[in-house]
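Here's the structure we're looking at; comments come further down.
First listed ligand is number 1; within each ligand, the first listed atom is number 1.
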Amino acid sequence: MQNRQEKISQVVVTAGQMRDIEKRIFAAGMPVVALMEKVAGLIARRIQEIPPTSVKKAYSVPLNTPFLRESPQAGGSRVGILVGPGHNGGDALVVARELHFRGYEIWIYSPFSKLKELTSQHLQYAQSLGIPIYQTIEQLPDSDLLIDGLFGFGLERNLTDPIASAINQLNELSVPIYSIDLPSGLHTDTGEVLGTAIRATYTFCLGLWKLAFFQDQALEYLGKAELIDFDIPLADVEAVLKDAPRIKRITRATALATLPLPRPPVTHKYKEGHLLLICGSRRYAGGAILTGLGARASGVGMLSIAVPESLKSLLVSHLPEALIVGCPETETGAIAQLQLPENTDLSSFNAIACGPGLTRDATPIVQEVIKSDCPLILDADGLNILAQMGAIATLKKRQPVTVLTPHTGEFQRLFPDVPDAKHDRVQAVREAATQSGAVVLLKGARTAIANPQGAVWIVPESTPALARGGSGDVLTGLLGGLLAQAATKQIPVEDIVATAAWWHSQAGILAAQERTELGVDAFTLTQYLIKALT
Ligand SMILES: NC(=O)C1=CN([C@@H]2O[C@H](COP(=O)(O)OP(=O)(O)OC[C@H]3O[C@@H](n4cnc5c(N)ncnc54)[C@H](O)[C@@H]3O)[C@@H](O)[C@H]2O)[C@@H](O)CC1
Ligand SMILES: [K+]
């Protein structure tokens, strides 16, 4: 049984779902006022706890900046509170009041003339405490920290002046900004910037993770993100999400539970999966090695690698444990024909991963594996060839599992008619999967994986260190190895794909921590895969 915290940390909601969950809580009797007190109290506490060194823009704040002390000296810590018209502004005003009583020097920026009732009451009380309130940006005194409570999930249209230009000016100050719920100006679901948006140093996401936190276009605005769990009952979450296809964050606990560990005490190599990699060409020999090393790290029982004949000895020297199948090659050095060992055909394998380094000259090979009845992963040139064949029509004819692992460019070539790959990556990957019947993994800063029923997994953390040639080849091998091992188990394919993507990201994160973001070449990455689990 997963505990509540683990379950809550997996959930990702849209603004509409969050509103419905909130409605249930209020309908059950929780007073709105009490919930705001509770949530804002938690935020105020976190603001006092966060050490300045963990803050991205900390260079703009001297390390001993007093505003972050538990008990700041009176007059030493200046916090500006940005207040919007809705309950996001109400949260910010409760934070203002709490920090005021903790000895911080507070001022309030409240540019809206019409506020929701509760927000207006909090503003009135703040004023009665003598906290200065300003309506225009020009009046604002200096501060050491800004708290952004302009808009939360209630933002529904583009920001316009004067608030848009005020946000632009606030972003220019070299002062850290902590956003409440999400940086004001971001669309809660797509993460799009609605006119302009606060560039936060830190964001306190309230209650449940909102979808924007996992959309690539939002990342540079979010800063460091943290979930403030305010005890939303799981029953309310379940009641609202019930039949809707879920969007989930893959956590360490889920990924580890999906890995084929521990192994049964009595087993043999073929029981632990037989993977066939089809990869490489004279031009791209390294891709085949990296794919093989990714597969090696998966622990797969048997690994066969089909490459052009002229690459055979190279592959043997790098992967002595693998069965290297040298194939006849074209004049250009691509695989011309799959020449599998005697008594073996494509159905002998538990999974096939096909694509890295093939070149488009291997088109007949890709056509052949698509016709096979073996679970299949297509990557790189495998995807480009599939795109030429017409991805959706081709995949619809295929019965067994297919996994596609495109980056954004490949995705657009595969699914030219799926709208919005730039506007909303999560929606795009979901449509691609439902239309094609494949499990689709869309690579990015936040990789998203969808199954044909529309369920989505998101890899919640990664590193730009992985934006490097060959790192995708490693993922393909790793994923192939896990898929082959899962062949006899009842694990949903998308769980395996998400686990592979999570593992790949974790290895990148660990390698970048030890070697900087410049030190994570694809070969080095393969050396961190096992380390990331231990
Ligand atoms: N979901 C929950 O259970 C809780 C929510 N709380 C807070 O409540 C927030 C949501 O509150 P609201 O629904 O009041 O929404 P917001 O506070 O996000 O703002 C909505 C207000 O902004 C106005 N508005 C929207 N777009 C605008 C634009 N482009 N220009 C100018 N005005 C615009 C709307 O008319 C409305 O008055 C959350 O983000 C969170 O901070 C917390 O107080 C407590 C718990
Ligand atoms: K906000």
Verify whether one side chain among [X] and [Y] offers a donor that lies under 3.5 Å from an acceptor in the other.
X	Y	result
T14	D189	no
S505	S462	yes
T434	Q453	no
Q139	T136	yes
D148	S184	yes

* More than 12 heavy atoms of other residues, nucleotides or ligands under 6.0 Å from NZ of K489: is that the case? ->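 Counting other residues, nucleotides and ligands, NZ of K489 exceeds 12 neighbours.
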
* Looking at R430, Q215, H187, which one forms a side-chain hydrogen bond (donor to acceptor under 3.5 Å, both in side chains) with D424? ->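 Passing option: Q215.
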
Among all protein heavy atoms in this structure, tell me which lies nearest to [atom], with the distance rounded to 0.1 Å.
atom	result
atom 45 (C) of ligand 1	L35 CD2, 3.6 Å
atom 38 (C) of ligand 1	D181 OD2, 3.2 Å
atom 15 (O) of ligand 1	G154 CA, 3.3 Å
atom 40 (C) of ligand 1	D91 OD2, 3.3 Å
atom 33 (C) of ligand 1	F151 CE2, 3.4 Å
atom 12 (P) of ligand 1	K116 NZ, 3.6 Å
atom 44 (C) of ligand 1	V39 CG2, 3.8 Å
atom 17 (O) of ligand 1	N88 N, 2.9 Å

Atoms in ligand 1 flagged as close to [X], the criterion being non-hydrogen separation under 4.0 Å:
X	value
R19	13 (O)
M18	1 (N)
E156	25 (C), 26 (N), 35 (O)
N158	29 (N)
L206	40 (C), 41 (O)

Assess [X]: does it contribute an N, O or S atom lying under 3.4 Å from the K ion (ligand 2)?
X	answer
D148	yes
S184	yes
L182	yes
F151	yes
I180	yes
N88	yes

* So which bit of I25 gets within less than 4.0 Å of ligand 1, heavy atoms only: side chain, backbone, both or neither? ->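 I25 to ligand 1: no contact under 4.0 Å from either part.
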
* To do: Record the part of L155 in heavy-atom contact with ligand 1 below 4.0 Å; permitted values are side chain, backbone, both and neither.
  =>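 Both parts.
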
* To do: Taking the six-membered ring for Trp and the full ring for Phe, Tyr or His, determine whether the centres of Y202 and Y178 are under 6.0 Å apart.
  =>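 Between Y202 and Y178, the centre distance is under 6.0 Å.
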
* Given the side-chain rings of Y221 and F213, with only the six-membered ring counted for Trp, is the space between their centroids under 6.0 Å? ->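 No, too far apart.
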
* Asked: For atom 25 (C) of ligand 1, is some protein heavy-atom partner under 4.0 Å away?
  ->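 Answer yes: something from the protein, a heavy atom, is under 4.0 Å.
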
* To do: Start with the C-alpha distance between E98 and Q48, add both sets of side-chain angles, then the distance that settles side-chain hydrogen bond (donor to acceptor under 3.5 Å, both in side chains), and finish with yes or no.
  => CA-CA 11 Å; E98 288 303 298; Q48 295 168 78; over 6 Å; no

* Consider every N or O of F153 and every N or O of ligand 1, then say whether any pair is closer than 3.5 Å. =>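 Indeed, backbone or side chain, F153 has an N or O that close.
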
* Asked: Would P85 count as a contact of ligand 1 if the rule is a heavy atom under 4.0 Å away?
  ->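 A heavy atom of P85 does come that close to ligand 1.
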
* Examine distances only and state if a side-chain atom of W107 and a backbone atom of D142 form a donor-acceptor pair shorter than 3.5 Å. =>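 Such a contact is found between W107 side chain and D142 backbone.
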
* Does some side-chain heavy atom of S110 sit less than 4.5 Å from a side-chain heavy atom of L123? ->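 Contact flag for L123/S110 side chains = yes.
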
* Asked: Any side-chain heavy atom of L145 within less than 4.5 Å of one from R78?
  ->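 Counting from C-beta outward, L145 and R78 never come under 4.5 Å.
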
* Looking only at non-hydrogen atoms, which of M30, E22, K38 approaches atom 2 (C) of ligand 1 most closely? ->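 Selected option, by shortest heavy-atom distance: E22.
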
* Any chance you could lay out the side-chain hydrogen bond (donor to acceptor under 3.5 Å, both in side chains) test for D521 and T524, step after step, and finish with the verdict? => CA-CA 5 Å; D521 59 276; T524 299; 2.5 Å; yes

